Amino acid sequence: MAVDSAAWLVPATLTVVAGSALLFARRRRQALYRELLEAQGRLPATAGTAIRHAAPPDLRAACRSFAATHLAVVPDALDQALFDDLRRAAERLVATERSYLPVHKKGGTVAYETISREAPELTALYLGRPLRDLVARITGVAVVPTPIHDQSSLSLLVYERPGDHINWHFDHNFYRGRHFTLLIPLVNRGSDAGDLSHARLIARIEGQERIVATPPNTMVLFEGARVLHKVTPIRDGERRIVLSMTYTTDPTCAWWQGVLRRFKDIGFFGLRALWT
Ligand SMILES: O=C(O)CCC(=O)C(=O)O
Ligand SMILES: [Fe+2]
């Protein structure tokens, strides 16, 4: 009898300990998100007003391009002073985090929660009405930022060691709505002054590979689930930092989409994504 109860005791204790640890991790995450959302509520609503190209004719060209190819490019998108602020904020953060997903991706990623905590300039631009309205005008549909628990909603992609790159991929959509990726390169430097790095964003459009130039302050907007794309490796002495933002027409998701998103986030941001 005593042996029987002891045999039950071990798995039961392990289950309780594992369950409590998961619950604890989840509670802590929820408290963190509450805190970040409160901080976001205090950000200035007008952030990002200095978006240069919020008027035709550039915008008309971007709308046409997006309608035809699901991709649009807006050069010199932000006012120089705003751009410089964002670049400085990104440089400040870059030492923080680095994650690797072998084969598919090699490079560093700074996640949404780190940016939210430490770079209000970047968060304010992402959440601000002006940028969201610009995305809506180019895509032709109303959009909202993707949720705080999605680590890719707002991230910095850091290419700084020789070979840093991303292989061919789609930006998978884990939402009921359509899903758009907006990139703004903040740094793109070759080893010689004035040169761009060798990293090329390449998109497959209607069966053809198209090189999308990404000098600093270019806005690249695309529907990542429809446009296959990759980034070629940087070389020695080069550096490229891209601000990546995602928007959706409907941020709700089916349970299985939530599970898939967590597994994708683990690849980019580590195990903590399991309990986001
Ligand atoms: O760095 C870029 O230009 C694109 C990055 C990208 O495609 C991604 O992170 O999914
Ligand atoms: Fe991508």
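Just follow the structure's listing: the first ligand is 1, and inside any ligand the first atom is 1. Values below: every heavy atom of this structure, side chains too, minus hydrogens, waters and symmetry copies. Computed from a predicted model, the values in this text were never measured in an experiment.
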Against heavy atoms of [X], which atoms of ligand 1 measure under 4.0 Å?
{"X": "Leu157", "result": "1 (O), 5 (C), 9 (O)"}
{"X": "Val231", "result": "1 (O), 2 (C), 3 (O), 4 (C)"}
{"X": "Leu183", "result": "2 (C), 3 (O), 4 (C)"}
{"X": "Arg240", "result": "1 (O), 2 (C), 3 (O)"}

Within 6.0 Å of CZ in Arg27, more than 12 heavy atoms from elsewhere: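 Not buried by this count: 12 neighbours or fewer within 6.0 Å.
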
Whether over 12 other heavy atoms sit under 6.0 Å from Leu14 CG: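 Buried by this count: over 12 neighbours within 6.0 Å.
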
Kindly say whether the aromatic ring centers of Tyr175 and Tyr247 come within a distance under 6.0 Å.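 Not close enough - the centres of the two rings lie 6.0 Å or further apart.
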
Can you confirm whether or not the ring centre of His229 sits under 6.0 Å from the ring centre of Phe222?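 That pair passes the under 6.0 Å test.
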
Cationic N near anionic O, under 4.0 Å, Asp84 to Arg87: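 Salt bridge present between Asp84 and Arg87.
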
Cationic N near anionic O, under 4.0 Å, Arg92 to Glu121: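 Salt bridge flag = yes for Glu121 with Arg92.
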
About how many Å separate CG of Leu186 and CG of Leu243, when rounded to the nearest 0.5 Å?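 Going from CG on Leu243 over to CG on Leu186, the span is 5.0 Å.
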
Rounded distance (nearest 0.5 Å) linking atom NE2 of His198 with atom CZ of Arg235: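 Here the rounded value is 3.5 Å.
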
For Thr139, the option from Thr249, Leu134, Leu221 that meets side chain to side chain contact (heavy atoms under 4.5 Å, CB included):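 Of the listed options, the one satisfying the test is Leu221.
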
Consider side chain to side chain contact (heavy atoms under 4.5 Å, CB included). Of Leu36, Ile148, Leu154, which one does Glu113 pass it with?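 For Glu113, the side chain to side chain contact (heavy atoms under 4.5 Å, CB included) test succeeds with only one of Leu36, Ile148, Leu154, which is Leu36.
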
Any N or O of Tyr159 closer than 3.5 Å to N or O of ligand 1: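 So ligand 1 has an N or O lying under 3.5 Å from an N or O of Tyr159.
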
I'd like to know if Lys230 contacts ligand 1, where contact means a heavy-atom distance under 4.0 Å to any ligand atom.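 Outside the 4.0 Å threshold, so no.
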
Assess Ile166 for proximity to ligand 1: is some non-hydrogen atom of it under 4.0 Å away?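 Contact present.
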
Between Asp171 and ligand 1, which part of the residue brings a heavy atom under 4.0 Å of the ligand: side chain, backbone, both or neither?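 Side chain only; the backbone of Asp171 stays clear of ligand 1.
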
Applying a 4.0 Å heavy-atom criterion (strictly less than), which segment of His229 is in contact with ligand 1: side chain, backbone, both, or neither?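 Just the side chain.
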
The Fe ion (ligand 2): protein N, O or S atoms that are less than 2.8 Å away, sorted by chain: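 Less than 2.8 Å away from the Fe ion (ligand 2) sit His169 NE2, Asp171 OD1, His229 NE2.
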
